[in-house]
Amino acid sequence: MTATLPEVGDADAAGKTPVAPSAGPTVATGQPVKKEASPHMGLKIGAAALLVALVALYLLRNVLLGTPVNVYSAAAGELVQTVVASGRVISPQRVTIALQSAGRVQRVAVIEGQAVERGQLLIELDNSDSRAGVNQAVAAVAQARAKLRQQGEVAEPLALQALAQAQATAQQARKTMQRNLDLAAQGFVSRAVVDDAQRAVQVAESQVASAQAQAKTNTPSGSDAALARAALAQAVAGEDLARIKLAQGQVLAPSGGVLIARSVEVGDVVQPGKALLVLASSGQTQVLIQVDEKNLSKIALGQQALGSADAFASQRFDAVVAFINPAVDATRGSVEVKLSVTNPPPYLRQDMTVSIDIETARRTATVVVPTSTLEDAATDHPWVLVVRDKRVVKQFVSLGLRGDTQVEVLNGISAGEGLVPKSKLGVKAGQRVRARVQAVPPPARERGAGKTPMAP
């Protein structure tokens, strides 16, 4: 006899909980039949196990394969160390032009930026009074020359004639005195006549002496001739002075060059010593820069350099270190350095701002690494973290040329080895890693005194 099961959801009158239908068929006795195993169950279990294994491998990948780390590769090649600084174009000499005398400007013959030659007229003053002074001095010279000529043509001959007359008169007086002496001895004349004769001789002799002195002073070596020559020299000097004053009214270029400043116009009344023009003399073009004193040991005379003007940044010109100031500017902590521009380009102008790269050292074949990979670089024992056999190794190194972005390694590492940057703080020596080489950043070209970028 079989029994039927109640339907799902039905309840008997007594309020019993309904019985859920069984998963399989039932027998007449009311017992459930066992379900057979599904064939897909094994596949599901295997897939779940594989997924767990893959997740475990993914989580343990850094332990098994190593932590991935970006590294820089030590490079082999040429290394150039430069000191970079900014400066200005200067001329070897600046000439400030002023007048030595006051006056009204009659003509300004040049303009700013004009090239001038030595002796070229720059400024001219109203010089009418100076010209009159020159004419007066010329007349004084002519008068002095005539006086000197008169001395030789008239005064000297007259003096010689007067001397001859005095000598003749003295000789006659002596003869007369001698006759009177003879007559007085015979008693024919009185003593008074003899005395008059003697007095006449004395007067005649004094006249001879005076004529001799007059003749001597009129000779070419005499004092009158000397006075005439001195008067002529004085007149000539006066003429020279007048001409100098006339010349001072004209300002000529002391040398060839370019006029870089002008502060005078026609009609201005100028005073002595007031700067009117500034002339940049022609010659070797130079660049003046200020170098940080910490780089003084790197700079030497004769070092080659490359320059570029801020206004023409894409163009370069060659320069050579020509002067290093022995004094240090205590205020700025810098040293003045001048460079000669061997072949200045046409666009270079006075006071133009330029940048200069001075080559201070060069290595043709060396190992170069970024400074960002160095630890304790300022000490005597710098070191790096280098990847060898997939593990990080702490390696002490010896350094050579140093810069802001790159540095030369003399020993400790070889070209091609991977170096861990300092920014990877979690990486430690002995750690297993997977190195991924990245490009070395280009050297930064920082301008200003004291910057020393390294350019491979």
Euclidean distance, Trp383 CH2 relative to Glu375 CD, rounded to 0.5 Å: 4.0 Å

Given 3.5 Å as the limit, does a donor-acceptor pair link the side chain of Thr82 with the main chain of Glu359, or not? no

Could you walk me through whether Ser398 and Asn411 satisfy the side-chain hydrogen bond (donor to acceptor under 3.5 Å, both in side chains) test, starting with their C-alpha distance in whole Å, then the side-chain angles of each, then the deciding distance to 0.1 Å, before giving a yes or no? CA-CA 6 Å; Ser398 298; Asn411 57 62; 3.1 Å; yes

Taking the side chain as everything from C-beta on, heavy atoms only, tell me whether Gln120 gets closer than 4.5 Å to Val251. no

What's the verdict on side-chain contact (heavy atoms from CB on, under 4.5 Å) for Val321 and Ile299, showing C-alpha distance, side-chain angles and the deciding distance? CA-CA 8 Å; Val321 177; Ile299 305 298; 4.3 Å; yes

Would you find more than 12 non-hydrogen atoms of other residues, nucleotides or ligands less than 6.0 Å from Gln234 atom CD? no

Between Lys274 and Ala98 the two heavy atoms that sit nearest each other are O-CB, 3.0 Å

Scan the side chains in residues 106-116 for donor-acceptor partners under 3.5 Å anywhere in the protein, sequence neighbours excluded, and list what turns up.
{"from": "Glu112", "atom 1": "OE2", "to": "Arg262", "atom 2": "N", "distance (Å)": "3.3"}
{"from": "Gln114", "atom 1": "OE1", "to": "Ile111", "atom 2": "N", "distance (Å)": "3.2"}

Any donor-acceptor pair under 3.5 Å linking the side chain of Gln250 with the backbone of Ala247? no

Is the shortest heavy-atom distance from the side chain of Val386 to the side chain of Val392 under 4.5 Å? no

What I'd like to find out is whether the side chain of Val89 reaches to under 4.5 Å of the side chain of Arg349, using heavy atoms alone. no

Arg229 CZ: over 12 foreign heavy atoms closer than 6.0 Å: yes

Worked verdict on Lys422 versus Thr373 for side-chain contact (heavy atoms from CB on, under 4.5 Å): CA-CA 5 Å; Lys422 289 190 295 184; Thr373 62; 5.9 Å; no

Counting N and O atoms only, with roles assigned by atom type, does the side chain of Gln303 sit under 3.5 Å from a partner on the main chain of Ala300, one being a donor and the other an acceptor? yes

In this structure, CG of Leu385 is separated from NZ of Lys428 (nearest 0.5 Å) by 11.5 Å

For the residue pair Ile356 and Ala305, what are the closest heavy atoms and their distance? CG2-CB, 3.9 Å

Nearest 0.5 Å, please: how far is CG in Leu279 from CD1 in Ile260? 8.0 Å

Kindly give the heavy-atom pair with the smallest separation between Gly430 and Arg391, and that separation in Å. O-NH1, 3.0 Å

In Å and rounded to the nearest 0.5 Å, what is the OG to CG distance from Ser86 to Asp310? 6.5 Å

Arg402 versus Gln81, closest heavy-atom pair with distance: O-OE1, 3.1 Å

Do Phe312 and Pro345 make a side-chain contact, defined as non-hydrogen atoms from C-beta onward lying under 4.5 Å apart? no

For the residue pair Arg388 and Gly412, what are the closest heavy atoms and their distance? NH2-O, 3.1 Å

Do Leu122 and Leu259 pass the side-chain contact (heavy atoms from CB on, under 4.5 Å) test, and can you show the C-alpha distance, the side-chain angles, and the key distance before you say yes or no? CA-CA 10 Å; Leu122 304 179; Leu259 190 70; 5.6 Å; no

Please give me the minimum heavy-atom distance between Ser308 and Phe317, naming the atom from each residue. N-CE2, 3.7 Å

Residues Ile413, Gln395; criterion side-chain contact (heavy atoms from CB on, under 4.5 Å); working and verdict: CA-CA 8 Å; Ile413 60 174; Gln395 177 65 56; 4.1 Å; yes

Within the 4.5 Å heavy-atom criterion, are Leu288 and Glu336 side-chain neighbours or not? yes

Sub-3.5 Å donor-acceptor pair from the side chain of Thr96 to the main-chain atoms of Leu277, do we have one? no

Please tell me if the side chains of Glu408 and Arg363 come closer than 4.5 Å, counting only heavy atoms from C-beta onward. yes

In terms of heavy-atom contacts, does CD of Gln136 have more than 12 from other residues, nucleotides or ligands at under 6.0 Å? no

So do Leu296 and Val291 actually touch side chain to side chain, heavy atoms under 4.5 Å? no

Any donor-acceptor N or O pair under 3.5 Å, side chains Ser255, Arg118: no

Roughly how far apart are Glu239 CD and Arg243 CZ, rounded to 0.5 Å? 4.5 Å

Val335 side chain near Asn295 side chain, heavy-atom distance below 4.5 Å: no

Asp329 (side chain) donor-acceptor with Thr331 (main chain) under 3.5 angstrom: yes

